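Here the structure is a predicted model, which is why all the values come from computation and not from measurement.
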Amino acid sequence: MPARLLSVPAVAAALDVDRRTVYRFIAAGELPVVDLRTGTGRSRVRIPADGLEEFITSRSAASPRTRR
């Protein structure tokens, strides 16, 4: 079964960040992309859903300890 691919705006909405932030994560190599280039025009990138899940997991912080 093919991987589910998400658009940059969909990933931005899921992370509650601006699209430019998603592009920064991509440029830094933190988010994997699939380039669906269809010619000499602009590239069209998609983020695999599994890659987004790994990104979120890698950035998840442990819950803080409660004081006694």
Spatial distance of atom CG (Leu31) from atom CD (Glu54) [nearest 0.5 Å]: 10.5 Å

4.5 Å side-chain heavy-atom contact, Pro48 and Arg4: no

Could you go through residues 21-28 and list every donor-acceptor pair under 3.5 Å that involves a side-chain atom there, pairing it with any protein atom two or more places apart or in another chain?
from  : atom 1 : to    : atom 2 : distance (Å)
Thr21 : OG1    : Arg24 : NH2    : 3.0

Minimal non-hydrogen separation, Pro9 against Arg19, with atom names: CG-CD, 3.9 Å

Nearest non-hydrogen partners of Gly51 and Pro32, listed with the distance: CA-CG, 3.7 Å

pair Leu52-Leu15: side-chain heavy atoms closer than 4.5 Å: yes

Over 12 non-hydrogen atoms of neighbours within 6.0 angstrom of CG in Asp35: yes

Remaining members of hydrophobic cluster (4.5 Å side-chain criterion), Leu36: Leu5, Val34

